[in-house]
Amino acid sequence: MSVANEFDKQADNLGMGDTLREECGVFGIFGHPDATALTALGLHALQHRGQEAAGIVVYDGKRFHSERRLGLVGDTFSKRHVIERLPGSAAVGHVRYSTTGETILRNVQPLFAELDGGGFAVAHNGNLTNALSLRRQLVRDGAIMQSTSDTEVILHLLARSKRARFVERFVSLVGLTNKKLVGARDPLGIRPLVLGELDGAPILTSETCALDIIGAKFVRDVENGEVIIIGEAGIESHKPFPVMQPRPCIFEYIYFARPDSIVGGKSVYQVRRNLGTELARESPANADIVVPVPDSGVPAAIGFAQASGLNYELGIIRNHYVGRTFIEPTQQIRELGVRMKHSANRAAVAGKRIVLIDDSLVRGTTSVKIVRMMREAGAKEVHFRIASPPITHPDFYGIDTPDKDKLLAATHDLEGMRKYIGADSLAFLSVDGLYRAMGHEKRNPEKPQYTDHCFTGEYPTPLTDKTGEIAPRQLSLLAEAS
Ligand code: 5GP
Ligand code: MG
């Protein structure tokens with residue numbers, strides 16, 4: 001099969017288009033004898049970014065080898081024979097998270113194509129679907145046919161995706177050819193990507209926790225719009241995009257990243273504690289104890305408890321052997337998932353007025369269950385505090401926030417939400433409270449410091465001017481969001 005066809009096929013496989021939203025984790029390493037095992041470990045640390053599937057592609061100097069499977073990293077890559085099947089000193093890996101895309105093997109990354117001049121593997125975090133279609137377009141135009149086997153493909157893809165639609169460029173990725181490891185971060189720096197190093201071998205990965213697990217050194221964040229090319233000769237940095245003010249996704253700090261990661265120079269754990277502190281200041285509760293909704297609510301609950309002088313208690317016990325609830329495709333199974341995941345700890349909550357802290361409220365599924373569970377366990381009063389503002393707008397940059405009509409805060413006012421989840425009181429952190437937790441005085445309305453459209457409805461619009469063409473659906477999403 002020709003290269004173009006292979007890419008077409010892969011683009012089509014991923015091309016469920018707008019409905020396929022992914023938030024993923026990537027890891028790449030160049031020039032290390034244990035590249036595959038290190039990539040497997042890195043992906044293991046990034047497991048929270050995607051539990052649906054995992055894949056590694058490695059190059060041994062002559063051939064590419066790949067293993068891509070549905071399931072957790074450990075299901076596949078903890079096995080010695082699997083690692084041994086993947087010899088080589090340069091590797092890229094991916095953990096995939098998807099809710100709406102079909103759970104099928106051919107969607108599993110890294111995408112890989114064996115080309116005439118060598119192989120090419122790419123693993124991305126965010127939605128590259130349309131960039132691949134764009135490439136198909138470019139190939140049809142005859143634009144870059146001869147460079148398909150080179151890292152230039154990625155450069156062209158990204159640099160020329162000016163013609164592409166708005167969302168397409170919100171992707172960070174790692175790619176591997178027979179000569180180079182490539183990393184690219186989107187022009188607004190929405191998704192994170194960091195550069196690290198182990199025994200002289202450069203690493204590109206989504207979060208610093210993937211460096212820590214293997215004892216690698218953090219070198220620096222990859223900058224917004226930066227493309228890094230790593231080869232035998234060393235590390236090159238390119239800036240193929242117009243310079244823009246970075247607008248990293250604020251939801252990485254609230255929910256997505258692991259708390260021990262440092263994202264954009266900030267400790268995620270510290271930010272989450274601050275969220276709880278700000279929340280306690282803005283919306284204190286008359287209660288006896290603070291109870292986190294584990295695990296995502298834990299750091300904010302610690303902050304809330306410290307700021308309010310209330311005892312912190314483990315009123316809910318989490319079963320760690322169940323995946324994140326959003327993974328399950330149907331509402332029915334999702335509800336089952338929530339019950340499987342959390343249990344009430346009666347000894348801590350019976351007879352108490354409790355403040356429940358969670359990081360965010362999306363559909364309300366978790367909150368409804370948890371409030372009921374706390375009452376059944378004998379809690380006298382249940383006050384719910386959410387350590388982020390109401391999510392009123394859908395997301396299409398990578399994090400799975402459902403359609404607008406499924407977002408509780410898009411369809412209910414505060415009192416309506418309180419009733420829906422059955423709490424005695426309910427409060428959310430304000431947008432400025434969120435920015436204070438991030439170390440800013442407040443949100444800059446002219447130039448917002450982060451991508452925060454789930455809360456504000458303000459999509460990073462400056463980009464639309466620069467990108468020119470926007471597809472009708474994109475426009476309708478933007479219109480609906482405003
Ligand atoms: P809800 O149950 O209200 O639909 O969702 C809220 C819960 O889902 C919170 O506990 C939060 O930690 C988690 N959550 C928030 N955003 C996301 C996301 O994008 N993906 C997944 N898997 N969980 C999320
Ligand atoms: Mg949670």
Side-chain angles (χ1 to χ4, degrees), residues 20-25 46-52 95-101 125-127 190-191 249-259 268 272 275-276 291-301 316-320 322-342 356-373 384-412 416-418 420-423 426 428-429 434 451-455:
L20 182 80
R21 288 185 288 249
E22 293 182 51
E23 171 58 58
C24 302
L46 296 173
Q47 187 79 79
H48 60 288
R49 298 186 74 85
Q51 301 89 42
E52 191 187 71
V95 284
R96 174 186 157 92
Y97 169 91
S98 170
T99 56
T100 44
N125 173 18
N127 195 340
I190 293 191
R191 301 269 74 90
C249 172
I250 206 157
F251 217 69
E252 289 282 346
Y253 293 94
I254 294 168
Y255 171 78
F256 230 93
R258 224 171 76 162
V268 172
R272 287 182 192 169
L275 292 169
V291 172
V293 180
D295 290 325
S296 57
V298 167
I316 303 166
I317 303 304
R318 159 109 189 245
N319 181 334
H320 282 103
V322 194
R324 285 188 168 182
T325 53
F326 276 34
I327 300 307
E328 305 301 341
T330 68
Q331 183 71 12
Q332 206 182 354
I333 295 179
R334 194 176 297 119
E335 280 171 21
L336 198 77
V338 173
R339 249 178 312 189
M340 282 160 60
K341 199 161 87 168
H342 294 119
L356 284 172
I357 311 285
D358 205 354
D359 67 291
S360 59
L361 186 144
V362 185
R363 297 175 177 86
T365 320
T366 310
S367 317
V368 169
K369 297 271 163 198
I370 297 269
V371 171
R372 194 186 307 146
M373 198 186 278
F384 221 114
R385 296 290 178 272
I386 307 288
S388 58
I391 298 178
T392 48
H393 292 77
D395 179 271
F396 44 82
Y397 300 117
I399 288 181
D400 171 51
T401 308
D403 299 337
K404 196 163 176 167
D405 61 356
K406 302 222 175 59
L407 295 170
L408 197 66
T411 50
H412 294 66
M417 285 191 270
R418 185 197 66 74
Y420 181 89
I421 68 172
L426 171 68
F428 290 81
L429 185 64
L434 168 60
T451 291
D452 59 7
H453 57 273
C454 332
F455 310 119

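Ligands are counted one by one from 1 in listed order, and the atoms in each one are counted from 1 as well. None of these values were measured; they are calculated from a predicted model.
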Evaluating non-hydrogen atoms only, which member of Leu408, Asp358, Thr366, Leu407 is closest to atom 10 (O) of ligand 1?
Asp358

For the pair Arg385 (side chain) and Ile357 (backbone), establish whether a donor and an acceptor sit closer than 3.5 Å, ignoring hydrogens and angles.
no

A student checking ligand 1 against Ser296 at a 4.0 Å heavy-atom cut-off should list atoms 10 (O), 12 (O)

Going by atom types only, do Ser388 and Asp359 share a side-chain donor-acceptor pair under 3.5 Å?
no

When only distance counts, is Leu361 in polar contact with ligand 1, meaning an N/O pair under 3.5 Å?
no

Should Val293 be counted as touching ligand 1, given the test is an N or O pair under 3.5 Å?
no

Using the rule side chain to side chain contact (heavy atoms under 4.5 Å, CB included), only one of Ile386, Val371, Leu356 pairs with Leu426; which is it?
Ile386

Output yes if Tyr255 passes the N/O/S-under-2.8 Å test against the Mg ion (ligand 2); output no otherwise.
no

Which ligand 1 atoms are under 4.0 Å away from a heavy-atom of Phe251?
16 (N)

To the nearest 0.5 Å, what is the distance between NE2 on His453 and NE2 on His393?
9.5 Å

Short list, please: which atoms of ligand 1 are under 4.0 Å from a heavy atom of Asp359?
9 (C), 10 (O), 11 (C), 12 (O)

Taking non-hydrogen atoms only, is Ser360 closer than 4.0 angstrom to ligand 1 via side chain, backbone, both or neither?
both

Would a 4.5 Å heavy-atom cut-off, applied to side chains only, mark Phe384 and Val293 as touching?
yes

Kindly compute the distance separating CD1 (Ile391) from NZ (Lys406), expressed to the nearest 0.5 Å.
15.0 Å

